[in-house]
Trainee: 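Can you keep this structure in mind? I'll have questions shortly.
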Number of protein chains: 2
Amino acid sequence: MPKHNADNVPTLEDVARRANVSTATVSRCLNKPDSVREGTRLRVEQAISDLGYTPNFGARALASNRTGTIGIIIPTMDNAIFAQGIQAMEEALSEQNITLLVATSGYSPEREMLKIRALVSRGVDSLALIGFDRPDTAYKFLSSRSVPFVILWNYSASSPYPCIGFDNHRAAGMIAQRVMDFGHRDIAMIAGRRAGNDRATQRVKGVENALSGQGLTLMAGGPIESGYSLDEGEAACMKLMSGPKRPTAIICGNDVLAAGVMRGVRQMGLEVPEDISIVGFDDIDLASALNPALTTVRTPHRLMGQAAAKMLLSLSELDKADTRLCFDTKLVNRGSLASVKT
Amino acid sequence: MPKHNADNVPTLEDVARRANVSTATVSRCLNKPDSVREGTRLRVEQAISDLGYTPNFGARALASNRTGTIGIIIPTMDNAIFAQGIQAMEEALSEQNITLLVATSGYSPEREMLKIRALVSRGVDSLALIGFDRPDTAYKFLSSRSVPFVILWNYSASSPYPCIGFDNHRAAGMIAQRVMDFGHRDIAMIAGRRAGNDRATQRVKGVENALSGQGLTLMAGGPIESGYSLDEGEAACMKLMSGPKRPTAIICGNDVLAAGVMRGVRQMGLEVPEDISIVGFDDIDLASALNPALTTVRTPHRLMGQAAAKMLLSLSELDKADTRLCFDTKLVNRGSLASVKT
DNA sequence: ATTTATAATGCAAGCGCTTACATTGATTGT
DNA sequence: ACAATCAATGTAAGCGCTTGCATTATAAAT
C-alpha cells in the first residue's frame with residue numbers, strides 16, 4: 001500500500017532536537033504551556049514554526065486517549081434545518097480548539113448505528129445525536145464504550161439521557177390551535193416519516209391532540225407522511241388535494257415541506273392564503289423568503305447548538321441529573337395563514 | 001487528565017487471543033480479507049463480534065499512515081449552496097468506507113488556513129477546497145506535506161491544480177445576456193464579497209463583460225457587495241433602490257441573495273417581475289419555491305460532489321494532467337425575469 | 001516419498017506522541 | 001552554608017495497530 005506522505009514530515013522529536021530539549025518538554029509546551037519556563041517555551045515555539053511542525057493526530061489520540069473531537073450525527077445536510085445549529089455548535093467548539101465531526105444518517109437507524117461506530121472508533125470524546133428514537137443497541141454500545149452523549153432537538157423531562165431541545169408536542173399543539181383560532185375546521189397535515197423519528201411523531205400527536213380538544217380530527221384520517229424535500233412535499237400535497245374533500249388549511253411537519261406544499265397548491269391554481277392556509281415548523285430562513293411568508297414555529301436552532309457545545313465540553317465531569325435543557329418555541333405569524341373563507 | 005473511556009475496550013490483541021491467531025492475522029482480516037483462509041477468517045470475525053471490537057482509529061492511522069479520511073473545507077454550512085455537493089460526495093465516499101470531514105472557514109482565508117492545518121494534522125488522505133483564491137502559504141503547506149487536493153466550484157484550463165467546477169465567468173455572462181435579451185438596460189448587480197472569492201469575482205466580471213458587449217455598464221458604478229444571507233441581501237437591495245435611479249433588473253450573485261432582494265423589493269411595495277426583474281445563481285431548491293420562482297443558473301452541485309469523491313479517491317495515483325473537469329451550467333427560466341416595461 | 005513452489009500465518013519492530021516517575025536545578029528557611 | 005522544598009526538565013514505557021520478513025502449513029510436481 002503506497003503512502004503518499006512525504007517522509008520529511010517533522011515530528012515532535014525533530015522539534016525537540018532543534019530546540020535542545022526533550023520530547024516531553026515539547027509535548028508540555030503544546031499541552032500545558034504554563035508548566036514550562038518562558039525561555040524554553042519560546043525556543044520550542046521557534047523550532048515549531050521553523051520546522052512547520054504539526055502534531056500527528058493519530059499519535060496523540062493513541063497516546064492520550066483523547067482526541068479533542070466531538071461528533072454529531074444528523075439526518076441530512078440537504079436541508080437547512082440542522083445547518084444553523086451545527087454552525088453555532090462549530091463556532092462554540094472551535095473557540096476551545098475542539099473539532100466537530102459531522103456525519104449523516106439519511107434518517108436511517110441502521111446508517112446511524114454505522115456512523116456511531118465510525119465516530120466512536122475515531123475516538124470522539126463525546127457525541128450529539130438527534131432525537132431519542134433509536135434501537136437499544138445504539139444506547140448499549142455507547143454505554144459500553146462510556147462515550148458521553150447528548151440528545152438534541154427534543155426534550156423529555158423523564159429522559160434518562162442528557163438532552164437539549166424543545167417540546168415538539170406542545171409547539172405543534174400551539175400552531176394547530178392558532179390554525180383553529182382562524183376558524184379552520186377542515187385541517188390536514190403533511191408530516192415527515194414517523195418511523196424512528198420522535199420529533200415527527202410528537203408533532204403529529206401535538207396537532208391531533210389540539211384538534212381533538214375542539215372535537216376535530218385530521219382530514220384524510222391522519223397525516224400524510226412524506227420525505228423532507230420540496231418535491232416530496234409537493235407530491236404529498238397533490239395527493240392530499242386530489243381527495244374527495246379539500247382542507248382549508250394544511251399543517252406541515254416542517255418548513256421545507258410547507259414550501260413544497262405551497263408550490264403544489266399554486267400549481268393547482270390556488271392562492272395562499274385566500275384559497276388555503278399553510279403553516280410550517282422550524283422557521284428556517286426560507287420561511288421568510290416565501291411569498292406569502294410562512295406562518296410557522298420558531299425553534300431555537302442556534303441556542304441548541306451552543307448549549308450542546310457547552311454541555312458536551314463538560315459532560316464527562318457533570319452529574320447527569322442537571323443535563324436536561326428545554327428551550328421555548330415561538331409562533332411566528334406571517335401571511336400564509338388567514339381566516340377561513342365563510 | 002481524566003480519561004473517560006472504559007478500560008475494557010477490546011483491542012486487536014483481545015480478538016487475536018480469543019480467535020487463537022496472531023494480531024497480524026486479525027489485522028489482515030480487517031484490511032485484506034482475501035489473504036486469510038476462510039476458516040480462520042470466520043473465527044476471527046466471530047471473535048470480533050463477540051467482543052464488540054471496533055478498531056482504534058488513532059492507532060491505525062499512526063501505524064499505517066493512512067486514515068481513510070478525506071477533508072473538505074467550505075465557506076459555510078449556513079447556506080444550501082454547498083450542502084448538496086457535500087451530500088453527494090459523502091454518499092459516494094461512504095460506499096468506499098471513506099469518511100468525509102467537513103470544516104468551515106466562514107469565507108476567511110485565515111480561518112481556512114487554520115482548518116487546512118487541522119485537517120492535515122488529523123491525517124486526511126486528501127483534501128477538497130472551494131475556489132482557487134487563497135494565500136500562497138496554503139498551497140505551499142499542502143505541497144510540503146504532499147497532501148493531494150482538488151479545487152471545487154471553479155474551473156480554469158490553466159490551473160496548475162486539479163479542479164472540478166464550471167465556468168463562473170461564462171455562466172454569469174449567459175444570464176446577463178438573457179436579462180438584456182428581455183430588453184433591460186438599467187441593470188444592477190448585488191454580488192458576494194469578492195475578496196478571496198474567485199467565484200464571486202468572476203461572476204461580476206462575466207456580467208460586466210456581457211453588458212459592455214452592448215455598451216452598457218452596471219448601475220451604481222459596479223456591483224453592490226454583500227454577505228451571503230437573506231438579511232444582507234435585503235439590506236443591499238434597500239441601499240441600491242434608494243439610489244437616484246432604480247434599475248429594472250437586478251442580477252444577484254447567488255440565489256440566497258436573490259431571495260433576500262425579492263423580499264426587500266416586495267417590502268417596498270414593488271412587484272416581481274412587473275416592476276423589477278430579479279435573477280439568481282446556483283438554482284438551489286429555494287429558487288423554485290419562491291413566488292415568482294427564480295430565473296437562475298443551474299450549477300452542477302451533485303455532479304461536482306460525485307466527481308470530487310471519485311477524483312480524490314484516485315488522486316495519489318493519477319497524473320495531474322487529466323485532473324481538470326469542467327461541467328456545464330444551464331439557464332433556468334422561471335418567472336422572476338420578464339420583459340422590461342416600456 | 002521428496003523436493004519445490006506457494007499460500008497462510010506468526011514475529012516483532014516501529015508509527016509519533018503522552019505521562020508517571022526520576023532527576024536536576026533553583027529557592028527558601030534556618 | 002545546608003537541608004528541605006518546589007519547579008523545570010529528562011527518561012523511557014507504552015498506547016493499539018500495520019507490515020516486512022521469517023516461518024510453517026499446504027499443494028503441486030516429480
Side-chain angles (χ1 to χ4, degrees), chain A residues 1-44 47-48 51-68 120-123 125 145, chain B residues 1-44 47-48 51-68 120-123 125 145:
Chain A
M1 197 67 55
K3 314 182 176 189
H4 66 250
N5 275 355
D7 282 319
N8 321 328
V9 179
T11 71
L12 236 212
E13 203 178 333
D14 297 330
V15 175
R17 197 169 318 132
R18 183 174 240 267
N20 239 291
V21 295
S22 71
T23 59
T25 299
V26 178
S27 174
R28 280 187 283 257
C29 277
L30 259 26
N31 297 306
K32 16 178 140 173
D34 294 340
S35 73
V36 21
R37 195 182 297 147
E38 174 160 9
T40 320
R41 181 154 42 78
L42 259 34
R43 212 148 24 98
V44 170
I48 287 179
L51 259 34
Y53 167 77
T54 318
N56 178 307
F57 171 80
R60 172 178 283 191
L62 182 56
S64 70
N65 206 25
R66 281 170 288 111
T67 57
V120 167
S121 126
R122 297 183 100 77
D125 294 331
R145 286 295 204 278
Chain B
M1 195 67 57
K3 313 182 175 186
H4 66 250
N5 275 355
D7 281 321
N8 321 327
V9 179
T11 71
L12 235 211
E13 204 177 333
D14 298 329
V15 175
R17 197 168 319 130
R18 183 173 239 268
N20 238 290
V21 295
S22 72
T23 61
T25 299
V26 179
S27 174
R28 279 186 284 255
C29 275
L30 260 27
N31 298 306
K32 18 178 140 170
D34 294 338
S35 74
V36 21
R37 194 184 298 150
E38 176 161 6
T40 320
R41 180 154 42 78
L42 259 32
R43 211 149 24 98
V44 169
I48 287 179
L51 260 34
Y53 167 77
T54 317
N56 178 307
F57 172 79
R60 175 178 279 191
L62 181 56
S64 71
N65 207 25
R66 281 170 288 112
T67 56
V120 166
S121 125
R122 297 184 97 78
D125 294 331
R145 286 294 205 280

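Numbered from 1 within each chain, the chains take letters A, B, ... in sequence-line order. Bear in mind that the values here come from a model prediction, so they are computed numbers and not experimental data.
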Trainee: A/R43: what forms a salt bridge (Lys or Arg N to Asp or Glu O under 4.0 Å) with it, not counting sequence neighbours?
Mentor: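 Applying salt bridge (Lys or Arg N to Asp or Glu O under 4.0 Å) to A/R43 gives none.
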Trainee: Go through C/dG16, D/dG16, D/dG10 for me and flag the one nearest to the B/A59 side chain.
Mentor: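 The listed nucleotide nearest to B/A59's side chain is D/dG16.
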Trainee: Identify which nucleotide among D/dG16, C/dT9, D/dA8 has an atom closest to any side-chain atom of A/T40, counting heavy atoms from C-beta outward.
Mentor: D/dA8
Trainee: Which of these nucleotides, D/dC15, D/dG20, C/dG14, is closest to any side-chain atom of B/R28?
Mentor: D/dG20
Trainee: Quick one: side-chain hydrogen bond (donor to acceptor under 3.5 Å, both in side chains) partners of A/S22, sequence neighbours excluded?
Mentor: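 Here the qualifying residues are A/T25.
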Trainee: My understanding is that only residues two or more places apart in sequence, or in another chain, count here; which of them pass side-chain hydrogen bond (donor to acceptor under 3.5 Å, both in side chains) with A/T23?
Mentor: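 Partners of A/T23 by the side-chain hydrogen bond (donor to acceptor under 3.5 Å, both in side chains) criterion come out as none, since no residue qualifies.
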Trainee: Mind listing the N/O atom pairs, protein and nucleotides 23-26 of chain C, below 3.5 Å?
Mentor:
none

Trainee: Residues in side-chain hydrogen bond (donor to acceptor under 3.5 Å, both in side chains) with B/N31, at least two apart?
Mentor: B/S27
Trainee: What's the CZ-P distance between A/F57 and C/dT18, to the nearest Å?
Mentor: 12 Å
Trainee: In chain order, what residues pass the salt bridge (Lys or Arg N to Asp or Glu O under 4.0 Å) check against B/R28, with sequence neighbours excluded?
Mentor: none
Trainee: What integer distance in Å separates A/N65:CG from D/dG14:P?
Mentor: 16 Å
Trainee: Take the C1' atoms of the five end pairs on each side of the helix from C/dA1-D/dT30 to C/dT30-D/dA1, derive the two axes, and give their angle rounded to 10 degrees.
Mentor: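 Here the local axes at opposite ends form an angle of 30°.
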Trainee: Would you please name every residue forming a side-chain hydrogen bond (donor to acceptor under 3.5 Å, both in side chains) with B/R41, sequence neighbours left out?
Mentor: none
Trainee: Looking at A/S27, I'd like to know whether one of its side-chain N or O atoms comes within less than 4.0 Å of OP1 or OP2 on C/dT18.
Mentor: yes
Trainee: Give me the residues of residues 13-25 of chain B where at least one heavy atom lies under 4.0 Å from an atom of DNA chain D, by number, or none.
Mentor: B/A24
Trainee: State, to 0.1 Å, how close B/L12 and B/Y53 come at their nearest heavy-atom pair, and which atoms those are.
Mentor: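 Scanning both residues, the minimum pair turns out to be N-CE1, 3.4 Å.
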Trainee: Return no unless some side-chain N or O of B/N31 is found under 4.0 Å from OP1 or OP2 of D/dT18.
Mentor: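 Answer yes for this pair, as a side-chain N or O of B/N31 is under 4.0 Å from OP1 or OP2.
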Trainee: I'd like to check the side chain to side chain contact (heavy atoms under 4.5 Å, CB included) partners of B/T11; sequence neighbours left out, ordered by chain and number.
Mentor: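 Once residues adjacent in sequence are excluded, the partners of B/T11 under the side chain to side chain contact (heavy atoms under 4.5 Å, CB included) criterion are B/E13, B/D14.
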Trainee: From C-beta outward on B/R66, which listed nucleotide comes closest to its side chain: D/dT19, D/dG16, C/dC17?
Mentor: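 Closest nucleotide to the B/R66 side chain: D/dT19.
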Trainee: Measure from CD1 on B/I48 to C1' on D/dC17 and round the result to the nearest Å.
Mentor: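 My rounded result for the distance is 13 Å.
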Trainee: Any side-chain heavy-atom pair from B/I48 and B/L30 closer than 4.5 angstrom?
Mentor: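 Side-chain contact under 4.5 Å: yes.
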Trainee: Quick one: B/L12 CG to D/dC15 P, roughly how many Å, whole number?
Mentor: 13 Å
Trainee: Using atom NZ of A/K32 as one end and atom P of C/dA20 as the other, report the distance to the nearest whole Å.
Mentor: 7 Å
Trainee: Would you say a side-chain N or O of A/T11 is under 4.0 Å from OP1 or OP2 of C/dG16?
Mentor: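 Indeed not, no polar side-chain atom of A/T11 lies that close.
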Trainee: Which residues pass the side chain to side chain contact (heavy atoms under 4.5 Å, CB included) test with B/T67, sequence neighbours left out?
Mentor: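 Listed in chain order: B/F57, B/A61, B/T69, B/D125.
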Trainee: Check the distance between D/dG16's P and A/R145's CZ and give it to me in whole angstrom.
Mentor: 12 Å
Trainee: Please report the C-alpha distance between A/T40 and A/V21 in whole Å, then the side-chain angles of each, then the deciding distance to 0.1 Å, and finally whether the side-chain contact (heavy atoms from CB on, under 4.5 Å) criterion is met.
Mentor: CA-CA 8 Å; A/T40 320; A/V21 295; 3.7 Å; yes
Trainee: Taking atom types as modelled and ignoring hydrogens, do the side chains of B/R60 and A/S121 form a donor-acceptor contact shorter than 3.5 angstrom?
Mentor: no
Trainee: Round to the nearest Å and state the distance from B/L62 atom CG to C/dA13 atom P.
Mentor: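 Atom-to-atom, B/L62 to C/dA13, this comes out as 17 Å.
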Trainee: Which sits closer to the 5' end of DNA chain D, B/L30 or A/R43, going by the nucleotide each is nearest to?
Mentor: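 By nearest-heavy-atom nucleotide position, the 5'-most residue is A/R43.
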Trainee: Measure from CD on B/E38 to C1' on C/dT9 and round the result to the nearest Å.
Mentor: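 Rounded to whole Å, this separation is 17 Å.
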Trainee: Please pick, from C/dT18, D/dT9, D/dT18, the nucleotide with the shortest atom-to-atom distance to any side-chain atom of B/R60.
Mentor: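 The closest nucleotide is D/dT18.
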